[in-house]
Structures are given as C-alpha cells and as structure tokens.
Amino acid sequence: MAVLRRELLTLALVVLLVAGGLTPALGSGLDPTVAGVLDAEAAEDRFPVVRTGSGSDALAQGDDEIVATQTFALTPERPGEVTVELTYSVPDRVVRLNTTVPENATVVETEAFERNEGRRYAWTGEGDGASITYRYGVNQTVEASGPGTASGNYVYAGTREWAMFARPSMPTNWTYRQSEPLGLERRTRAAGSGVASEWLVYLGEHEEYVRDANGQRFRLIVPAAAELSADREAVFDSLATASDDFRVGDRDEEVFVVAAPTGRVEWGVRGAQTGDADMWVRDAQRVDTADNVWIHEYVHTRLRLRSTRETVWLSEGAATYYGALLSLEQGLVGFDGFAAVLADGERAAYDEVVLSNTSTWVKYANYERGALIAGRLDLAIRRATDGERSLQDVFRRINARDGRLTQADLLATLEAVGGDEAVAAGRRYTERTGTPSMWNASTHRAAFGKVPARIDYSLPDPTHFNSFGVDGPYRVGSVGGSEPIRLVTGESLLVRARVNNSGGVAGDYAVPLTVDGMVVERAYGTVEAGESTTAHLSHRFERPGRYEVGVDEDAVTVVVERPATAEVTGLRVDPTTIRQGGRVTATATVTNDADRPGRVTVNFTRGTEVVERRTAQLPSDTTVTVEAEVPVPEAGTVAIGAEGVEPVEIRVESARGGMDGTDGTPAATPDGGTATTADPSATTTAPDEPTDETGDGFGVLALTGALALALLRRRL
C-alpha cells in the first residue's frame with residue numbers, strides 16, 4: 001500500500017525575526033514582535049520541537065510554549081463521525097493566533113475563538129485558553145489497485161462501536177512578543193476507550209500489547225471487534241526480527257500498529273502506513289506468507305524516501321521486495337513462495353514499462369516490476385562486492401541524505417555501494433524496457449547464503465478413511481472417511497501430522513496440537529532440508545462436544561458423543577441340570593446397533609438376586625457374548641437370567657440324593673463325578689459270616705476285646 005505520508009500535512013515552523021532596529025509591529029513601547037507559523041503546506045522537518053502524546057500522557061514542557069491538544073471521542077449516534085475538541089494553551093506573549101479546521105469538519109462550539117473567513121478561526125485574546133469543538137467525518141475511501149488492495153474501498157472508517165482514522169491537521173500561525181523563539185507542542189488524546197498516536201487514532205474498546213526490541217517499542221492495538229488471523233506473538237516476532245535484520249537506519253523509537261477489524265468494513269487496502277511510524281494492517285492478514293503485509297508496512301516506516309517522479313517506484317517496490325525477502329530469511333516462507341512474488345514482475349504487461357518514467361506504467365508496475373527490479377539490484381550489489389554489501393547499504397545512504405531523491409542521486413548511490421556493475425544494473429533496469437528474469441534457488445544460495453529452515457505443519461485429509469487413528473476401550477485402529485470425525489467420550493484421537501521443511505537447512509520442529517485453540521500436546525524432532533516426516537500426537541476426549549483439532553493453521557472438526565447403550569439380546573445357560581453347590585455358565589449375547597461405539601453392564605441374576613456383573617464395550621454395529629459363572633447353592637428349579645431377556649430355568653439336584661433327597665438317584669457333583677451315599681440302617685459285614693445276632697460272629701463287645709488283646713500282645 002502506498003505510504004500515506006500526507007505531505008500537505010507536514011508540520012513546520014517559519015520564524016520571521018524582526019531586527020531590533022525595526023519599528024515594533026504592535027506600536028511603540030512594546031518589545032519586538034515575532035510571527036510564528038505552523039502550516040501544513042510548509043516544508044518538512046523545520047520545526048523540531050513538535051511532540052505528541054496520547055491518552056493521559058502529559059509531556060513535561062516549559063510554560064513559555066503554545067500547547068495544542070486534540071481530544072477525540074466517538075459519536076455512536078452519528079456513525080462515520082467523531083467529535084474533536086481542539087484546545088490551545090496560550091502564553092502571555094502571544095498577541096495573535098489563528099487556526100484552520102479541516103474541510104470535512106462541522107464546528108459546533110467555540111471558546112475564545114471567532115470565525116474569520118471560511119474555515120479559518122482567530123483567537124479573541126481573552127484569557128489564556130481557547131478551544132474549538134467540531135464534528136469530523138472519518139470515512140475515507142480510495143480507488144486503489146495493486147497487490148496491496150482489498151475487496152472494498154475504505155482506507156479509514158467509523159462505526160457505532162469504533163473508529164480508525166488519520167489525525168486531522170491543525171494549521172496554526174501566531175504572532176508573539178520578544179525575539180526568543182516561541183514553539184508549539186502538539187498533543188493528541190482519546191476520550192474514553194481509545195488511543196491516539198502521532199498520526200493514527202483508534203477509538204473503541206481494545207487491548208494494547210507491547211514488545212520492546214532493538215531499541216524500538218512496538219505497540220499493537222487489537223480492537224474488541226478484531227479477530228487476528230495471525231498469532232499475536234508471531235506478529236511481534238516477525239516485526240521484531242525485521243527491525244534487527246533491516247539495517248538501514250531511521251529506526252523510530254515507537255511503532256504504532258492497529259489490527260483493523262474486517263467484520264463490518266470493506267477495506268480498500270490490506271494495510272497502510274502514515275506519518276513516520278504509524279500503520280494499520282487488516283486483522284485477517286497472516287505472517288506466514290511471502291506477501292507479508294505486516295513487514296511491508298513496517299518497511300515503509302524505515303524508508304525516508306523523498307522521491308521524485310523518476311524514483312517514486314522505489315517506495316512500493318522496496319516494501320514488496322523486503323516483505324518477501326525478510327519473510328524468507330525468517331523462515332516464514334520457502335524459496336518458492338519468495339520467488340513467486342518477484343516473478344510477478346515478469347508479466348508481459350510490463351514489457352514496455354520504464355520504471356523511471358511513470359507515464360509508461362501499467363497496472364501494478366511499481367509493486368510487481370518494482371519488487372523484481374529491487375531484487376535484481378540487490379543481487380547485482382551482492383555479486384559485485386562478494387556479499388559484503390547489499391541494497392540495504394543503498395537505503396542506509398538514502399535515509400541519511402537531505403533533499404529529494406532524483407534518478408541521478410539513485411545511480412550515484414548505487415555506484416558508491418556496488419561500483420560499475422551496480423550502476424550499470426541500475427541504468428539497465430530502471431531506464432530501459434525489457435524484462436529481467438527471477439533467479440533460481442542455487443543462484444540465491446550463492447549470493448544470499450543458505451535459505452533457513454522453513455518448516456510447516458499440516459493435517460491429513462479427514463475424508464480418507466485411514467487419515468486419523470483412534471484408541472480407547474471400544475476400538476483401536478483407523479478412523480475417518482468423512483468430516484467431522486466422530487468419537488465417544490473416553491476415546492483418544494491419534495493425529496498423524498505432516499511436517500515439511502521447504503528451507504535450505506535442517507531444522508527442529510515442535511508441532512503444537514491444539515483443541516479449540518489451546519495447545520494440548522507437542523511433538524518434537526528434526527527434519528532435513530527438503531524433506532518431510534510424520535509427527536504423532538494424540539488427545540483423549542472426556543466430555544461430549546464439538547471441537548476444532550488443529551496443528552498450526554490446519555484444523556479438522558471432531559464431534560464427541562456419549563457412548564451408545566448396547567442391549568442384551570439373548571441368553572444361554574450350560575448345563576441346565578447340576579448338583580447342588582455347583583456353578584453354571586451364563587452366556588449373554590450383547591448387540592450395539594448404533595452408529596457409534598457403545599457399552600452396557602450385564603446384570604446376571606439367580607432368581608431375583610443379581611449375582612454377577614460384567615461390562616461390555618463394543619464398536620458400532622457389533623454383537624458380542626459376555627460370560628459369567630453363576631453358583632447354585634440351593635436345590636430345586638432355579639431361574640438364571642441376564643436383565644433384558646427371559647431367564648433360563650435349570651434343575652439343581654440335592655447333594656443328598658434327588659431333588660428332594662429321597663430317591664437315591666446319583667447326581668452330578670461339583671467336579672463332575674458321582675456321589676454314593678450309604679443307607680444309615682445298613683450293616684457292614686465280612687464275606688460268608690452269619691449276620692444274625694445269635695451266631696458266632698463278632699458282636700461289639702467281642703470286637704472290642706479282640707482289639708484290646710491284639711494291642712497287649714504287641715506291647716509284650
């Protein structure tokens with residue numbers, strides 16, 4: 001985007017000193033009078049005492065100085081407008097002071113000011129303060145074209161909730177007594193929520209973030225209405241690294257950056273820079289691209305190009321070139337991405353373009369052909385000096401000089417830095433037609449050094465069935481085939497992230513696995529230059545919901561549900577006849593007809609009592625069997641069941657006989673054998689012995705005596 005430096009708004013002071021011998025301008029008896037002018041049309045940089053503040057900042061200044069303060073406030077009832085209160089603190093020796101309000105201003109109130117003519121107001125001289133309050137239209141459009149353009153046409157805009165605009169100018173002139181210079185200090189403030197820098201103002205709810213690097217302070221304003229596409233720390237990292245790598249001098253103490261909301265405003269450009277170091281970039285802009293708008297606009301803050309028509313191409317050409325080159329050197333893009341940006345300058349549409357002659361320009365010549373030519377000049381200088389110097393040395397000299405940069409000045413600077421080869425390239429590429437070509441990777445390595453590692457991450461296509469894995473109590477294997485990926489609570493998603501290094505050297509990676517933007521795991525490793533590898537990560541989901549699972553900026557939707565409830569659909573019991581005290585095997589058939597994994601707890605019963613519990617976990621559209629050993633301690637007919645189906649009745653025989661203990665039929669024992677139980681009325685007898693009580697057989701007394709006699713004999 002073209003630098004919005006608004007040269008007609010440049011501040012300067014012209015001091016007209018009246019010699020001591022001249023007649024006093026205000027009559028005899030008074031000190032000599034001096035006129036001071038702060039005029040937007042005066043030359044730049046001739047008033048060094050102008051300073052700015054923002055918010056509640058109070059700059060410590062002397063009492064003998066005019067202080068002009070602009071205070072900005074939203075007007076929600078009038079979208080597109082803001083209220084500006086311009087106040088002046090006027091020292092005693094000021095005798096006249098005039099100011100001019102902007103063209104698109106509507107004055108609503110004045111104090112100690114009266115309208116002179118047109119938009120010009122004169123101080124009445126009453127009191128030591130004066131103010132003008134006016135409504136200011138902030139909506140500004142631009143009919144822009146080029147790589148830096150966007151779909152709309154706004155460059156500044158205001159809504160009910162917020163406004164972003166360039167600070168309106170306040171041309172001021174004054175007359176004062178005595179010969180000592182009388183300066184003017186300019187201050188800017190935001191009433192309510194907002195922040196005002198030197199030239200750029202944002203009003204509305206916001207967060208401010210700060211990063212100090214290389215002697216610069218980066219202030220990043222993120223409006224409440226904005227949604228950064230780039231990670232905030234990545235933006236800071238890129239800007240901070242660029243501030244160190246782009247060594248051309250003119251490093252401002254503070255860089256003020258607003259991430260412009262894109263939700264309700266159709267911007268005409270993707271970013272813009274104004275003043276010395278104020279810039280805005282659409283919140284939708286990323287940093288991992290060769291067309292890095294954050295760096296592009298930052299480069300503008302570092303170049304003090306007071307161009308002529310012959311050299312005006314250099315502004316956008318250099319910003320586009322260094323936006324791509326610094327992104328490459330930061331490892332944000334690979335060489336192919338960098339080369340693609342510069343190769344746009346090879347378009348046939350530019351064959352008749354002469355960069356030093358704006359009348360030959362077509363389309364985006366200063367951006368695209370300009371970037372390619374800036375690159376070719378850089379390459380020529382590096383080759384001519386064996387890499388000891390570069391195009392940055394040219395810009396360092398340009399930044400240090402005064403006056404406008406003519407074509408002759410540019411060629412002289414090229415010669416001073418890169419000798420005959422560089423100045424010859426300057427003439428060939430800027431004063432003639434013809435299309436130079438983009439160089440290849442090997443040429444780049446030879447002149448610029450090795451391209452750093454460029455590592456990026458991606459996810460596999462979720463519509464491929466084996467793209468992701470699942471691990472859990474229900475299933476282990478592959479999952480996918482469609483998006484969203486469906487899991488149930490308790491399952492882990494296995495992610496196979498692709499790690500690619502398109503850079504020139506090996507690099508370490510730390511792949512972040514995120515769930516709804518929060519990092520839940522990282523995988524670490526090293527990948528060689530030009531190679532790819534796979535990083536394995538996983539996350540277990542404990543709660544149902546819809547989640548965005550990603551690595552870097554690539555994401556897939558995962559829907560997590562509660563497990564389905566499987567059903568008991570059948571029961572088998574074996575054996576169906578058993579001896580009392582034994583166990584039977586109850587086998588339940590469990591079915592999950594749902595489209596997701598399920599589970600069920602099978603309650604095995606004996607009669608009405610639950611005696612065993614088994615939990616079954618099974619994938620979708622699956623039938624399994626679940627077994628339990630059920631003891632049967634009581635004889636009789638027993639119902640063995642599994643809740644959900646009809647029980648099975650079995651026959652349990654008494655351990656003392658039949659089912660009622662009287663029929664003497666052998667029954668199964670717990671170990672599968674047959675038990676024999678003697679009749680308590682039966683008598684054990686020896687073979688061929690009489691069994692009547694009067695015979696010679698052993699009675700109880702006889703048996704006792706025989707045993708006693710045998711024992712006596714043994715002891716003898």
Side-chain angles (χ1 to χ4, degrees), residues 1 147-151 164 200 202 206-213 216-246 255-263 265 267 269-273 277-301 319-320 322-334 337-338 340-341 452-459 497 500 502-503 509-519 522 548-555:
M1 168 58 197
T149 59
S151 59
M164 185 183 71
L200 190 60
Y202 177 81
H206 67 280
E207 295 290 340
E208 179 173 345
Y209 305 93
V210 176
R211 172 82 71 88
D212 292 323
Q216 289 190 294
R217 166 160 290 190
F218 293 92
R219 297 174 62 194
L220 176 61
I221 308 302
V222 181
E227 295 183 7
L228 279 176
S229 293
D231 179 76
R232 185 177 68 249
E233 293 304 314
V235 171
F236 272 135
D237 289 344
S238 184
L239 292 174
T241 303
S243 75
D244 185 37
D245 293 343
F246 195 50
V255 180
F256 182 77
V257 187
V258 178
T262 56
V265 175
W267 298 108
V269 291
R270 294 180 295 167
Q273 183 261 329
D278 291 354
M279 54 186 268
W280 67 261
V281 177
R282 293 193 316 167
D283 60 1
Q285 301 304 136
R286 297 163 59 98
V287 296
D288 55 346
T289 172
D291 190 14
N292 191 329
V293 180
W294 301 92
I295 294 182
H296 181 112
E297 301 303 338
Y298 173 71
V299 168
H300 279 311
T301 72
T320 303
Y322 278 110
L325 180 64
L326 295 176
S327 294
L328 172 66
E329 294 179 346
Q330 290 179 21
L332 297 172
V333 299
F338 162 74
V341 170
R454 161 58 178 157
I455 298 176
D456 55 69
Y457 315 123
S458 62
L459 291 174
N500 180 61
S502 59
Y509 63 83
V511 187
L513 180 66
T514 61
V515 176
D516 289 343
M518 300 295 294
V519 177
R522 291 185 187 271
E548 291 297 315
V549 178
V551 296
D552 201 9
E553 297 298 327
D554 202 1

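Heavy-atom basis, side chains included; hydrogens, waters and symmetry copies ignored. FYI, the numbering just counts along the sequence from 1. None of these values were measured; they are calculated from a predicted model.
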Test of understanding: with ring-ring contact (aromatic ring centres under 6.0 Å, His included), list the residues that count as partners of [X], not counting sequence neighbours.
| X | value |
| --- | --- |
| Phe236 | none |
| Tyr298 | Phe218 |
| Tyr457 | none |

Do [X] and [Y] make a side-chain contact, defined as non-hydrogen atoms from C-beta onward lying under 4.5 Å apart?
| X | Y | value |
| --- | --- | --- |
| Leu332 | Asn292 | yes |
| Ile295 | Tyr322 | no |
| Val235 | Arg232 | no |

Where is the tightest heavy-atom contact between [X] and [Y], given as atom of each residue plus distance?
| X | Y | value |
| --- | --- | --- |
| Ala259 | Leu228 | CB-CD2, 3.7 Å |
| Met279 | Val281 | CE-CG2, 3.9 Å |
| Ala240 | Ala213 | CB-CB, 3.6 Å |
| Leu459 | Asp554 | N-OD2, 2.8 Å |
| Val333 | Thr289 | CG1-C, 3.2 Å |
| Ala230 | Gln285 | CB-O, 3.8 Å |

Counterpart residues, salt bridge (charged side-chain N to carboxylate O under 4.0 Å, His left out), relative to [X] (two or more places apart):
| X | value |
| --- | --- |
| Asp237 | Arg211 |
| Arg522 | none |
| Glu548 | none |
| Asp516 | none |

Quick one: [atom1] on [X] to [atom2] on [Y], what's the gap to the nearest 0.5 Å?
| X | Y | atom1 | atom2 | value |
| --- | --- | --- | --- | --- |
| Thr301 | Asp278 | OG1 | CG | 9.5 Å |
| His206 | Glu208 | NE2 | CD | 5.5 Å |
| Gln216 | Leu239 | CD | CG | 9.0 Å |

Checking [X] now: which residues fulfil side chain to side chain donor-acceptor pair (under 3.5 Å) with it, not counting sequence neighbours?
| X | answer |
| --- | --- |
| Glu207 | none |
| Asp245 | none |
| Ser243 | Asn214 |
| Gln330 | Ser238 |

So does Glu227 get a backbone contact from the side chain of Asp283, meaning a donor-acceptor N/O pair under 3.5 Å?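 Checked: pair present.
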I'd like to know if the side chain of Thr514 reaches the main chain of Gly550, judged simply by a donor and an acceptor atom lying under 3.5 Å from each other, with no hydrogens or angles considered.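 Yes, the answer is positive, given that a donor and an acceptor are paired below the 3.5 Å cut-off.
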For Val258, all residues meeting side chain to side chain contact (heavy atoms under 4.5 Å, CB included), sequence neighbours excluded: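 Partners of Val258 under the side chain to side chain contact (heavy atoms under 4.5 Å, CB included) test: Met164, Leu200, Tyr202, Ile221, Pro223, Phe256, Trp280.
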